[in-house]
Structure formats: C-alpha cells, structure tokens
Amino acid sequence: AQSVTQPDIHITVSEGASLELRCNYSYGATPYLFWYVQSPGQGLQLLLKYFSGDTLVQGIKGFEAEFKRSQSSFNLRKPSVHWSDAAEYFCAVRNPGGYNKLIFGAGTRLAVHP
Amino acid sequence: DAGVTQSPTHLIKTRGQHVTLRCSPISGHKSVSWYQQVLGQGPQFIFQYYEKEERGRGNFPDRFSARQFPNYSSELNVNALLLGDSALYLCASSLIETGDDSPLHFGNGTRLTVT
C-alpha cells in the first residue's frame with residue numbers, strides 16, 4: 001500500500017540553526033513528491049514539489065528538498081531557521097499518472113526557540 | 001486574487017445530524033478536492049470533482065457525499081454524524097484534473113466538532 005512516513009512528530013530547533021525534516025515513502029514507482037506547511041488555523045501551503053530531473057529542488061521561504069531514490073526519501077532542509085518557520089510540515093506523494101489525489105504523512109510539528 | 005474560500009469556518013453539530021460544508025475554488029479552477037484532517041494526523045483524501053463529475057473517492061463511508069456546481073463551487077455533505085467525524089475539512093482546487101502544472105491550492109478549512 002502507498003504510504004508516507006514522517007518519523008519525527010515534534011522537532012525543536014533554535015533560531016538560526018539548520019533544519020532537516022525526514023520523509024520516507026512506500027510506492028510502487030517513483031511518485032510525485034511534495035512538502036506542504038500548515039500554520040495554526042490555516043490551510044496548507046505548498047513549499048516545493050518534485051516530479052523528475054534534478055533531485056535537489058528549491059522551494060519558497062528558503063526551503064529545499066532532496067529526492068533519494070535508493071532510500072525512498074524526500075527530506076526537507078533549511079540552512080537557517082527563522083521564528084516564523086514554526087508550523088506543521090507535511091510530506092505528500094501523488095501518482096504521476098493518476099488524478100490529483102495526495103497521500104500525506106502524519107506531519108512534523110516544528111518549534112523554534114529564540 | 002481570492003484564494004480558495006470555505007464556509008463556515010467553524011461548526012458544532014450533534015451526533016446523528018447532517019452537515020453541509022461549502023467551498024469556492026480559485027477563479028478559473030475547474031477541479032475541487034476534499035480532505036479530512038483529524039487532529040494530530042495528515043489530511044486524508046475524500047473526493048475529487050472535475051467538471052461536475054466525481055473523479056476519485058477515498059476510503060470513506062457512503063455517509064459522505066459531495067457535488068460540484070456549474071460555477072465549479074462544491075459542497076461536502078455528511079449524514080448521520082459520528083463523534084469520529086470531528087475534524088478539519090479542507091477543500092483544495094486546481095486548474096485542471098491532473099498534470100504537472102496543476103498543484104493543489106488549499107483553503108483554510110472548516111472545523112467541525114461533533115458532540
């Protein structure tokens with residue numbers, strides 16, 4: 001069955017520190033991959049997406065993610081975290097050939113200490 | 001430009017009642033999808049509609065139904081509410097049914113509480 005695993009439920013970092021959020025997927029082939037961010041009381045905002053090509057993708061707000069086929073991973077990174085990055089982050093996959101149905105992980109809640 | 005708008009923002013219902021949630025997509029978007037987000041979990045796919053036809057359905061009981069109108073807005077209906085239906089219901093729109101250049105744009109959701 002298709003699934004997305006985000007191993008870290010909560011992560012706390014200091015402002016200015018680097019960040020890596022982990023995402024592993026289980027899928028028959030290489031899916032389309034996404035990272036979304038959700039602030040309290042808000043909907044989901046797309047940070048970045050991977051369809052094919054260069055395995056390092058750049059997104060908004062200074063985020064990037066790297067697709068590693070051998071590890072079935074799509075980890076999200078940011079070199080220097082800002083207090084405003086505190087939110088919940090969701091990794092998601094989609095069937096490249098199918099309709100626009102996303103399968104989400106359970107999310108990682110990020111707290112940022114000043 | 002207006003984003004995806006959902007109404008109401010919050011709703012409290014009693015077990016056994018039914019509820020209707022509404023969604024207006026971004027102007028020009030023809031596809032609408034519905035997701036359920038239970039507290040502490042990621043969103044789960046319920047339905048996708050495109051050009052007023054159901055294109056996909058997730059693993060939800062028949063108590064859940066939806067429709068899309070000629071102006072591409074959508075309603076999600078849930079009958080015989082259960083406590084477990086308490087969740088944030090998210091609507092997302094996209095330009096077309098699928099494709100690389102048709103990312104999902106999410107609304108802020110409707111928070112449904114069933115007591």
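Every chain is numbered from 1, with letters handed out A, B, ... down the list of sequences. Predicted model only: the values in this text are computed from it and were never measured. All heavy atoms count here, side chains included; hydrogens, waters and symmetry mates do not.
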Problem - Atom pair CG (B:Leu104) and NZ (A:Lys101), whose distance is rounded to the nearest 0.5 Å - result: 13.0 Å
Handout entry: Shared hydrophobic cluster, A:Val57 / A:Phe34 (ILVMFWY, side-chain heavy atoms < 4.5 Å)
Key = no
Practice task
Would you indicate whether B:Leu83, at its atom CG, is surrounded by more than 12 heavy atoms from other residues, nucleotides or ligands within a distance under 6.0 Å?
Solution key: yes
Practice task
Heavy-atom distances under 4.5 Å only: say whether A:Leu46 touches chain B with side chain, backbone, both or neither.
Solution key: side chain
Problem - chain A contacts, top residue of B:Gly109, B:Gly40, B:Pro43, B:Gly107 (heavy-atom pairs, under 4.5 Å) - result: B:Pro43
Exercise for the section: Might you confirm whether atom CD1 of A:Ile60 has over 12 heavy atoms from other residues, nucleotides or ligands at distances under 6.0 Å? Expected result: yes
Exercise for the section: Answer with side chain, backbone, both or neither: which region of A:Gln38 has an atom nearer than 4.5 Å to a non-hydrogen atom of chain B? Expected result: side chain
Practice task
Inspect the surroundings of CD1 in B:Ile12 and state if more than 12 heavy atoms from other residues, nucleotides or ligands are less than 6.0 Å away.
Solution key: no
Exercise for the section: Would you give the length of the straight line joining atom CD of B:Gln44 to atom CG of A:Leu102, rounded to the nearest 0.5 angstrom? Expected result: 12.5 Å
Exercise for the section: Might you confirm whether atom CZ of B:Arg15 has over 12 heavy atoms from other residues, nucleotides or ligands at distances under 6.0 Å? Expected result: no
Practice task
Would you mind checking which part of B:Leu90 comes under 4.5 Å of any heavy atom in chain A, side chain (CB onward), backbone (N, CA, C, O), both or neither?
Solution key: side chain
Handout entry: Aromatic ring proximity, centroids under 6.0 angstrom, B:Tyr35 and A:Phe104
Key = yes
Handout entry: Over 12 foreign heavy atoms within 6.0 Å of CG, B:Asn59
Key = no
Handout entry: Any donor-acceptor N/O pair, B:Asn108 side chain to A:Gly43 backbone, under 3.5 Å
Key = yes
Practice task
Check whether A:Tyr36 gets within reach of chain B through its side chain, its backbone, both or neither, counting any heavy atom under 4.5 Å.
Solution key: side chain
Completion exercise
Distance col, row B:Gln37:CD vs A:Phe90:CZ, nearest 0.5 angstrom, shows 4.5 Å
Handout entry: A:His82, NE2 atom: more than 12 neighbouring heavy atoms under 6.0 Å
Key = yes
